Protein chains: 2
Amino acid sequence: MAKPRLRIIPLGGVGEIGKSMTVYEYRNDLIVIDAGAKFPEEDLRGVDLIIPDVGYIKQRLNKLRAILLTHGHEDHIGGISFILNEFKSIAPVPIYGSELAIAYARAKLEDYSDPKLADFRVVEPRKRYRLGQHFEVEFIPVTHSIPGSYAIALKTPLGWVVHTGDYKFDPTPPLGPRTDEERLKQLGREGVLVLLSDAVRVERPGHTPSEAVVSETLDRIIGAAEGRVVLTTFASNITRIDQAIRAAHRHGRKVAISGRSMEQSTRIAQELGYLHPPDGVLVPVEIAMTLPRKQAMLLTTGSQGEATAALARIASSDHPHIRLTPGDLVIFSATPIPGNEQTVSETIDQLFRMGIKVIYPDIEPTVHVSGHASREELKHMLRLLRPRFCVPVHGEYRHLALYRELALELGYLPERVVIPELGSVLSFSREDVRREGTVDCGPVLVDFVTPTHAVLRRRDEVASSGVIIAAFVIDRETGKLIAGPEVTAEGLNGKVSAETLAKVTEEFKRFLAKQKGGFSHGYLVSRTKSVLGRQLYRRAKFRPLILPLISEL
Amino acid sequence: MAKPRLRIIPLGGVGEIGKSMTVYEYRNDLIVIDAGAKFPEEDLRGVDLIIPDVGYIKQRLNKLRAILLTHGHEDHIGGISFILNEFKSIAPVPIYGSELAIAYARAKLEDYSDPKLADFRVVEPRKRYRLGQHFEVEFIPVTHSIPGSYAIALKTPLGWVVHTGDYKFDPTPPLGPRTDEERLKQLGREGVLVLLSDAVRVERPGHTPSEAVVSETLDRIIGAAEGRVVLTTFASNITRIDQAIRAAHRHGRKVAISGRSMEQSTRIAQELGYLHPPDGVLVPVEIAMTLPRKQAMLLTTGSQGEATAALARIASSDHPHIRLTPGDLVIFSATPIPGNEQTVSETIDQLFRMGIKVIYPDIEPTVHVSGHASREELKHMLRLLRPRFCVPVHGEYRHLALYRELALELGYLPERVVIPELGSVLSFSREDVRREGTVDCGPVLVDFVTPTHAVLRRRDEVASSGVIIAAFVIDRETGKLIAGPEVTAEGLNGKVSAETLAKVTEEFKRFLAKQKGGFSHGYLVSRTKSVLGRQLYRRAKFRPLILPLISEL
């Protein structure tokens with residue numbers, strides 16, 4: 001009889017950035033690490049979110065022992081509520097992670113699902129948890145841009161398997177402990193079969209700077225600012241938010257938080273004690289706007305130029321509470337995710353046009369540092385763990401390929417470094433690794449029909465489950481309609497009558513006629529979806545996927 | 001009577017990168033500097049090129065004395081043939097510039113217009129040319145990424161006006177002379193009224209590295225390469241092409257050039273003696289492919305990931321002559337223009353998937369250097385010229401705003417530094433500057449109906465002159481059509497019958513049914529235009545603007 005092998009299947013995160021998810025399977029036990037989501041690229045506008053296809057797991061639910069979370073960022077936990085909805089038959093599913101990651105996951109279940117579908121278990125470092133018959137797991141603290149980040153060590157019958165999650169070696173993390181190098185080294189001595197590594201920053205030589213560098217920069221910039229200061233970063237970048245609040249406090253500013261996701265993430269981080277702003281520093285936005293400008297700081301969402309986020313609305317003078325005036329300062333403490341470069345640029349330009357001073361990484365590199373390991377850190381991890389096999393699992397294809405080159409430079413044999421594709425089944429014994437085909441794992445598209453109700457569709461089901469295309473060409477400057485809108489239904493099998501479609505189109509035309517130009521592409525896409533969706537639902541009690549196809553001349 | 005004033009009107013290049021064009025007007029004399037084109041951004045796919053609206057000049061053709069070219073890059077000369085077509089009534093129009101800029105402009109006229117519309121005049125440095133009654137012009141050598149680059153000094157009745165064009169202070173340019181700092185300083189002493197400055201690299205501190213740095217890097221990389229080397233850069237980056245050919249020759253490689261625009265630009269540069277490759281180094285592509293891999297280098301277009309360029313076809317294994325094999329090396333000696341980040345990334349990923357080694361600026365920063373001045377160089381120019389007024393004229397809005405901050409740091413008064421909008425009329429006396437409104441200068445869209453015939457449309461004419469929308473949703477991976485195509489005509493007033501449209505749509509459906517997936521967005525857009533355009537022309541003898549609106553799920 002053949003010896004049992006360990007199967008590792010990345011269902012997301014390889015050849016793409018986002019929606020991290022990896023399956024580990026040995027005999028009758030199956031473990032999942034992370035359940036991430038990904039924001040769609042420009043040409044997928046109209047789709048709100050993309051999550052991994054969990055069909056492979058659904059067929060083996062009786063083997064699923066746990067979902068383990070490396071940390072609380074969207075690309076690692078953002079799919080959890082939709083995925084647990086698929087796993088209802090075995091609810092509650094044990095979910096292990098740091099206190100913060102679990103609190104964020106719980107909030108997601110409250111929004112789009114039901115926390116009862118999960119059996120949450122907060123882990124502690126240097127403890128071991130048994131998962132089924134064949135696995136044990138240990139969580140190893142690592143530094144990243146959110147506290148409560150862990151690498152995950154799975155003890156399998158074939159040896160340790162280490163999944164780094166997102167990490168860097170930050171010698172002076174402002175929040176939380178340093179990476180537990182001692183324990184990693186020990187694991188290396190005990191014998192690591194496979195390392196699954198973050199690879200996204202492999203292009204950069206040397207070491208990623210410490211988050212502490214950002215503290216100094218923020219302190220200097222905020223200290224020198226004469227007007228209001230607005231700082232934007234990812235809602236879940238709790239470390240950065242903590243740094244910003246401290247710098248504001250040192251310079252006599254009160255801080256208000258604007259943007260739903262950041263309000264939620266900071267509230268949770270505060271409840272759990274990760275954030276402890278000095279008494280009285282946090283104030284409501286309305287109060288902050290009444291303070292002398294030099295005493296106010298605002299923390300907002302929108303660092304990626306998202307059309308509906310607080311910052312985009314500020315830049316369009318469209319925010320209900322926040323109005324900036326010349327001399328105020330906006331700090332982008334984040335870099336654009338690939339694909340968002342244009343929307344970020346547009347937001348920066350809009351702010352400059354208002355007479356606002358803007359500071360962003362291109363002109364002040366240390367206003368942000370990456371949370372990911374650069375080349376020397378990736379090598380350091382390999383030297384600590386000395387795994388028999390390495391698999392890069394977080395990055396575009398070029399990052400995975402460059403990680404492989406890096407491992408080869410360190411002396412690894414080509415057959416010991418595997419570049420996976422999405423859905424690759426990598427099968428390990430103690431001696432070798434083979435590829436055993438690919439499981440079906442095309443993306444699943446999430447369509448937010450209402451703020452609390454989402455519909456999931458596999459890409460290959462979209463055509464048959466019905467879609468509405470809304471195509472039009474509009475003058476970017478004047479807002480005048482140049483051609484269209486053509487609103488057409490496909491695959492709806494009469495669920496929406498021609499008459500309804502015509503009426504909905506008329507309504508939509510009236511909406512477009514009111515546009516005055518100067519809008520962003522994202523604004524048009526999101527408004528097209530909401531206007532059409534509302535009309536359709538009202539008339540047909542039905543809401544198919546709506547894909548706006550818009551050209552702005 | 002009011003004293004006559006000097007009017008300066010940027011018709012392109014401000015608040016955007018590309019299609020540089022500036023009008024200088026004093027009493028009955030009007031001068032134009034540059035006649036550039038711009039490649040459309042992602043959401044304008046379907047439009048081939050964008051050029052400035054020259055309506056303001058057309059109404060004053062009797063005053064037009066000359067078009068002056070700063071250098072031979074697309075964003076400064078790419079609109080010349082279309083624009084001279086508009087100026088036919090006063091042909092030939094005197095066009096001044098360096099030998100190389102003029103040769104490139106002439107080639108453009110041969111392709112899309114008629115060289116007889118221009119009266120070309122090759123200039124020499126330190127000479128003065130009279131233009132009408134009130135202007136004289138002098139061309140001052142500057143360093144950039146193409147030889148024959150000039151700053152332009154206009155002697156006006158109010159003093160010197162200096163238009164830098166694209167420049168940097170490169171102390172060791174591999175081709176051509178250094179920036180003539182002595183003459184610039186002299187102009188400063190003689191009295192400069194206005195400086196119109198490149199501002200696009202104002203975000204970067206310090207000095208832009210010399211092109212010589214790239215020579216060293218290319219020499220090292222090409223010297224170490226074991227397989228074929230492919231180098232991609234802008235077709236007009238003659239300096240880079242020269243560096244690459246020299247490095248190849250030093251290491252015993254022959255060089256072939258692939259891609260129509262690069263073949264043309266290098267042929268012209270060779271004829272004029274800017275490029276003088278050692279005898280026998282240049283070979284046809286077919287020959288290069290038969291050489292031992294270590295003896296071959298290919299120079300190709302496609303550094304921006306353009307879907308129809310040589311490199312994209314190589315990366316899709318779709319090039320008629322060039323097939324790469326694992327171990328070959330591709331060098332990107334260029335950075336993506338904003339908006340092209342995604343297509344460049346996709347091309348790099350595709351090459352890595354083929355087992356090709358890829359070197360690009362993110363992993364080897366000195367494989368490319370910018371041709372534009374960084375902050376200290378911008379300051380140096382200000383100190384040399386000591387202009388009374390400064391106007392940044394090449395950059396996104398944020399670059400213009402940051403240039404203003406830089407000038408204020410040097411002690412300029414706020415009222416002396418003007419940020420123009422597109423079409424701003426800036427009116428100067430010796431003492432002051434005022435804004436006198438804005439001239440109509442929305443973009444003009446160029447639609448290549450055939451490779452040698454283009455149709456121009458002002459944005460506000462598109463709706464009335466007719467447009468075909470082709471909207472569809474397709475599965476990126478499998479190529480399966482998910483929804484559409486909806487092909488609809490607007491504003492065509494019966495020039496295309498419903499029957500013709502239905503037939504054309506059927507043809508187009510057949511084309512789409514043959515797609516197998518794995519295509520790039522740009523490929524689909526360009527094929528949609530060509531398939532529909534051919535069918536329409538065949539059936540209706542008519543070819544309106546075709547705008548593909550495509551979503552890839």
Side-chain angles (χ1 to χ4, degrees), chain A residues 15 41-47 202-205 338-339 341-342 345 348-353 355 357-358 360 362-363 396-398 400-402 405 442-443 445 459-460 462-463 467-469 471-473 475-478 480-484 486 488 490-491 521 547-553, chain B residues 15 41-47 202-205 338-339 341-342 345 348-353 355 357-358 360 362-363 396-398 400-402 405 442-443 445 459-460 462-463 467-469 471-473 475-478 480-484 486 488 490-491 521 547-553:
Chain A
E41 290 155 29
E42 189 79 23
D43 47 16
L44 271 172
R45 296 274 188 128
V47 170
V202 65
E203 293 168 337
R204 306 300 164 137
E341 294 88 351
Q342 284 292 96
S345 286
I348 292 174
D349 281 341
Q350 271 183 304
L351 290 165
F352 268 119
R353 275 177 204 277
K357 201 172 150 61
V358 191
Y360 49 105
D362 278 343
I363 55 173
E396 303 282 358
Y397 193 88
R398 65 184 177 284
L400 311 183
L402 287 169
E405 284 180 19
L445 315 175
R459 187 171 50 189
D460 53 10
V462 168
V467 52
I468 299 268
I469 301 183
F472 59 93
V473 181
D475 186 320
R476 184 195 298 256
E477 217 169 89
T478 62
K480 231 181 93 184
L481 204 57
I482 292 174
E486 297 295 330
T488 48
E490 306 249 350
H521 191 73
L547 292 177
L549 300 179
I550 307 172
S551 185
E552 291 155 51
L553 287 189
Chain B
E41 291 155 28
E42 188 80 22
D43 47 15
L44 272 173
R45 295 276 186 123
V47 170
V202 65
E203 292 168 338
R204 306 299 164 138
E341 295 88 351
Q342 283 292 96
S345 286
I348 292 174
D349 281 342
Q350 271 183 304
L351 290 165
F352 268 119
R353 274 176 203 278
K357 202 173 146 63
V358 190
Y360 50 104
D362 278 343
I363 56 173
E396 303 282 358
Y397 192 89
R398 64 184 176 282
L400 312 182
L402 288 168
E405 283 179 20
L445 315 175
R459 186 171 50 186
D460 53 9
V462 168
V467 51
I468 299 266
I469 301 184
F472 59 94
V473 181
D475 185 319
R476 184 195 298 257
E477 217 169 273
T478 62
K480 230 181 93 184
L481 204 57
I482 292 174
E486 297 295 329
T488 47
E490 305 249 351
H521 190 73
L547 291 177
L549 300 180
I550 307 172
S551 185
E552 292 153 50
L553 287 190

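Small disclaimer: the values here were computed from a predicted structure and weren't measured. Every chain is numbered from 1 and lettered A, B, ... according to where its sequence line falls, protein lines coming before strand lines.
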J.: Looking at chain B, which one of A/Glu341, A/Arg459, A/Glu486 has the largest number of heavy-atom pairs inside 4.5 Å, strictly under?
T.: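 When all of A/Glu341, A/Arg459, A/Glu486 are compared, A/Arg459 has the most.
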
J.: Quick one: what part of A/Ser345 sits under 4.5 Å from any heavy atom of chain B, side chain, backbone, both or neither?
T.: both

J.: Taking all non-hydrogen atoms of both residues, which atom of A/Gly484 and which atom of B/Ile469 are closest, and how far apart?
T.: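 For A/Gly484 versus B/Ile469, the nearest heavy atoms are N-CD1, 4.2 Å.
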
J.: Contact part of B/Gln350 toward chain A, heavy-atom cut-off under 4.5 Å: side chain, backbone, both or neither?
T.: neither

J.: Looking at every heavy atom in both B/Ile550 and A/Leu549, which two are closest together, and how far apart are they?
T.: C-CD2, 4.0 Å

J.: Find the one option among A/Val462, A/Leu481, A/Val467 whose heavy-atom pairs under 4.5 Å with chain B are most numerous.
T.: A/Val462

J.: A/Glu490 vs B/Phe472, test: side chain to side chain contact (heavy atoms under 4.5 Å, CB included). Steps then yes/no.
T.: CA-CA 11 Å; A/Glu490 306 249 350; B/Phe472 59 94; over 6 Å; no

J.: Which residues satisfy the side chain to side chain contact (heavy atoms under 4.5 Å, CB included) test with A/Asp362, sequence neighbours excluded?
T.: A/Tyr360, B/Glu203, B/Arg204

J.: With sequence neighbours left out, write down each residue that passes side chain to side chain contact (heavy atoms under 4.5 Å, CB included) with B/Asp349, or none if nothing qualifies.
T.: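 With sequence neighbours excluded, B/Asp349 shows a side chain to side chain contact (heavy atoms under 4.5 Å, CB included) to A/Glu396, A/Tyr397, A/Arg398, given in chain and number order.
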
J.: To the nearest 0.5 Å, what is the distance between CG (A/Leu402) and NZ (B/Lys357)?
T.: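 Result: 8.0 Å between the selected atoms.
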
J.: Measuring from atom CD1 of A/Ile482 to atom CG of B/Leu547, what distance do you get when rounded to the nearest 0.5 angstrom?
T.: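 Reported value, rounded in 0.5 Å steps: 8.5 Å.
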
